[in-house]
Protein chains: 2
Amino acid sequence: MKLIDNAHIYNTQQKILIAVDCIIFGFVANKLKLLLFKRKIEPFRGDWSLIGAFIKNDQSIDDGAKQILFETTGLDNIYLEQLKTYGSVYRDPAERVISVTYYSLTSVTEFELESVEKYDAHWFDLDEIPELIFDHSVMVQDAIESLRQKAKHQPIGFNLLPEFFTIPELQTLYECIYQRPLDTRNFRKKILSFDILNKSDKKDKSGSKKGAFLYSFDKEKFETLIAKGVNFEI
Amino acid sequence: MKLIDNAHIYNTQQKILIAVDCIIFGFVANKLKLLLFKRKIEPFRGDWSLIGAFIKNDQSIDDGAKQILFETTGLDNIYLEQLKTYGSVYRDPAERVISVTYYSLTSVTEFELESVEKYDAHWFDLDEIPELIFDHSVMVQDAIESLRQKAKHQPIGFNLLPEFFTIPELQTLYECIYQRPLDTRNFRKKILSFDILNKSDKKDKSGSKKGAFLYSFDKEKFETLIAKGVNFEI
DNA sequence: TCAAAAGTGTTGTTCGTACACCCATGA
DNA sequence: TCATGGGTGTACGAACAACACTTTTGA
């Protein structure tokens, strides 16, 4: 598809800078974390910031978000979802910029926890988030709220955990998101009732002497259920 | 607040046209309707379109949405909520435009049903929506879906109904949103259990010979419950 | 042998759902 | 007097929440 011949028909209208900012949550060492990086440009160069970039004229906003996420973290587009657009006039004191936010949940290996440091990025615990530039703190709060809402209706944890995970790990993740303890038996019962987990015969003994069975997520069953409109409320 | 001295620090970046488009639902004559208008500019002048306008550099996107809604309908900012931002490159064939959508629910009087015609606007039944320009049909579908989701967790009807309304009216509204019939007794029970309706001693006899009691919405009780985080699922 | 986490069932309560008849009134 | 929509209660089943002990094993 191409622009039609009457291009620049809107040329009396004002153009504005558009950015995307990505709110990237990860789960590692039984804690929910947020990826931030040290801003590379003025103003506020060196301050902590969400991962963001300006959108180019020939780039869709979805692609822009995927691209900046990939460039900064090496992560391929897992569960990248548009959140909200922030468009007050003076949110960036340098110049008018409208920002479209996206958020992403991803599993983080111990290796990745370290490796982002060379990009001047860092995974912060949710309760240790530093002061952020502009309205980025508001964006983070909005994203957490949205994450909680979402977790109520979809088994969200699967994006945040590695391929194999234990049920206690999954429970801890939900407890981090909801910020309250859950009953072990009820949680197991509920999660297993969805019938989207495959039990392996291996155990992870890093958490206890007894060891917990490793499960994987059955993507096919999950897609089938989503298509049916099943509610995954925890 | 003002722009700081290093304005135009981003001057190597590309600027883009930003529009807002409003998806405005109304409820009248026991039907859920959508407000559309005949586009005034090329391309596609005269085709049906959502109510939209370009954002100016000194105007926040929220204000822009409110303003265009007011200019086109005379409605003051009731329940105007941001929906999603559409940013593919060629969605408008004339030029690259990113569009932020907002949606609004409003009660429509018989008078307003007619009066918008002089703006070249028209209230369409949801099942009679004509072909729309660009990706506006997708926007409408997304808005309907979002409306359904929202209605599950908030007593959404109050924005769509006049100050005084009957319970059968409210039920019809929910049936329009959900596109399925609801049980009279269960609906009453549920709606009244929220304790946010004030019964008046007047009856509306337009719908039946017996007449149905008029209720009004107790905004204070409602705000209190929302603050407590109560779930209004129907 | 013991400390530490994994794993397992039952019961009471709440909530949702299904269902049928009488009431008030204007025509 | 009758046709029309408004208004009311109950009973069953499903889902949720609360609760305590046994198992495994490395140290």
Side-chain angles (χ1 to χ4, degrees), chain A residues 29-31 151-155 157 161 164-176 178-216 225 228-234, chain B residues 29-31 148 151-153 155 157 161 164-176 178-216 225 228-234:
Chain A
N30 272 351
K31 290 219 167 184
K152 282 188 184 166
H153 302 286
Q154 268 190 41
L161 290 169
F164 291 94
F165 52 87
T166 68
I167 292 189
E169 269 175 346
L170 188 58
Q171 181 173 344
T172 309
L173 170 58
Y174 271 90
E175 289 175 334
C176 285
Y178 288 135
Q179 297 281 25
R180 67 182 168 90
L182 299 171
D183 180 271
T184 318
R185 281 167 289 191
N186 293 340
F187 181 80
R188 275 190 117 75
K189 207 184 307 172
K190 195 67 194 267
I191 250 344
L192 290 173
S193 75
F194 297 145
D195 192 31
I196 49 172
L197 295 189
N198 293 325
K199 189 175 184 173
S200 81
D201 53 359
K202 294 192 177 152
K203 281 191 164 190
D204 168 27
K205 296 208 172 181
S206 66
S208 74
K209 289 157 187 175
K210 183 176 176 181
F213 279 103
L214 286 163
Y215 287 78
S216 63
L225 288 177
K228 279 190 198 163
V230 174
N231 189 353
F232 289 95
E233 187 150 2
I234 298 293
Chain B
N30 273 351
K31 289 219 169 183
R148 281 195 189 127
K152 283 189 184 166
H153 302 286
L161 290 169
F164 291 94
F165 51 87
T166 68
I167 292 189
E169 270 175 346
L170 188 56
Q171 180 174 345
T172 309
L173 170 57
Y174 271 89
E175 289 175 334
C176 285
Y178 288 135
Q179 296 281 23
R180 67 182 169 90
L182 299 171
D183 180 90
T184 318
R185 281 167 289 190
N186 294 338
F187 181 79
R188 276 190 115 75
K189 206 187 307 173
K190 195 67 196 265
I191 258 321
L192 290 173
S193 75
F194 297 146
D195 191 32
I196 49 171
L197 295 188
N198 293 325
K199 189 175 184 174
S200 80
D201 53 359
K202 295 193 174 153
K203 282 191 164 188
D204 169 25
K205 297 208 172 180
S206 67
S208 75
K209 289 158 186 172
K210 181 177 178 181
F213 280 103
L214 286 163
Y215 288 77
S216 64
L225 288 177
K228 280 190 198 161
V230 174
N231 190 352
F232 289 96
E233 187 151 2
I234 298 292

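Being a predicted model, the structure only gives us computed values, none of them experimental. What you see below is based on every heavy atom in this structure, not just the backbone, and it leaves out hydrogens, waters and symmetry mates. Protein chains get the first letters and strands the later ones, always in sequence-line order, with residue 1 at the start of each.
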Consider the side chain of [X], meaning its heavy atoms from C-beta on, and name the nucleotide among [options] that approaches it most closely.
| X | options | value |
| --- | --- | --- |
| Pro168(B) | dG26(D), dG6(D), dT25(C) | dG6(D) |
| Asn186(B) | dT17(C), dA18(D), dG26(C) | dT17(C) |
| Phe213(B) | dA27(D), dG7(D), dG9(D) | dG7(D) |

May I have the distance from [X] (atom [atom1]) to [N] (atom [atom2]), rounded to whole angstrom?
| X | N | atom1 | atom2 | result |
| --- | --- | --- | --- | --- |
| Lys190(A) | dT8(C) | NZ | P | 19 Å |
| Lys199(B) | dT8(D) | NZ | C1' | 11 Å |
| Lys189(B) | dG9(D) | NZ | P | 10 Å |
| Leu182(B) | dA18(C) | CG | C1' | 14 Å |
| Tyr178(A) | dA17(D) | OH | P | 11 Å |
| Ile191(A) | dT8(C) | CD1 | P | 15 Å |
| Phe194(A) | dA15(D) | CZ | P | 11 Å |
| Lys203(A) | dT25(D) | NZ | C1' | 9 Å |

Exercise. For the rings on Phe232(A) and Phe194(A), is their centre-to-centre separation under 6.0 Å?
Worked result: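 Yes, the ring centres sit under 6.0 Å apart.
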
For this session: Kindly say whether the aromatic ring centers of Tyr174(A) and Phe187(A) come within a distance under 6.0 Å.
Result: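 Yes, the ring of Tyr174(A) comes within the 6.0 Å limit of the ring of Phe187(A), centre to centre.
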
Problem set entry | Flag if over 12 foreign heavy atoms under 6.0 Å of NZ, Lys31(A) |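 Counting neighbours around NZ of Lys31(A), 12 or fewer heavy atoms of other residues, nucleotides or ligands fall under 6.0 Å, so no.
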
For this session: Examine dA6(C): is either OP1 or OP2 under 4.0 Å from a nitrogen or oxygen in the side chain of Lys209(A)? Give yes or no.
Result: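 It does not, given that no N or O in the side chain of Lys209(A) lies less than 4.0 Å from OP1 or OP2 of dA6(C).
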
Exercise. For dG7(C), does either OP1 or OP2 sit under 4.0 Å from a side-chain N or O belonging to Arg188(A)?
Worked result: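 The answer is yes; a side-chain N or O of Arg188(A) sits under 4.0 Å from OP1 or OP2.
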
For this session: Look at the side chain of Glu175(B) and the backbone N and O of Leu182(B), then say whether any donor-acceptor pair between them is shorter than 3.5 Å.
Result: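 Checking the backbone N and O of Leu182(B) against the side chain of Glu175(B), a donor-acceptor pair under 3.5 Å is found.
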
Exercise. Is a side-chain donor or acceptor of Ser200(B) paired with a backbone partner of Leu214(B) at a separation under 3.5 angstrom?
Worked result: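 Between the backbone of Leu214(B) and the side chain of Ser200(B) there is a qualifying donor-acceptor contact (under 3.5 Å).
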
Problem set entry | Nearest-nucleotide comparison on DNA chain D, the residue closer to the 5′ end among Gly211(A) and Gly207(B) |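 With Gly211(A) and Gly207(B) compared, the 5'-side residue is Gly207(B).
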
Exercise. Between the base of dA6(C) and the side chain of Lys210(A), is there a donor-acceptor distance below 3.5 Å?
Worked result: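 Donor-acceptor pair under 3.5 Å: yes.
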
Exercise. Toward the 5' end of DNA chain C, which comes first, Ser208(A) or Arg185(A), by nearest nucleotide?
Worked result: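 First, find each residue's nearest nucleotide; the 5'-ward one identifies Ser208(A).
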
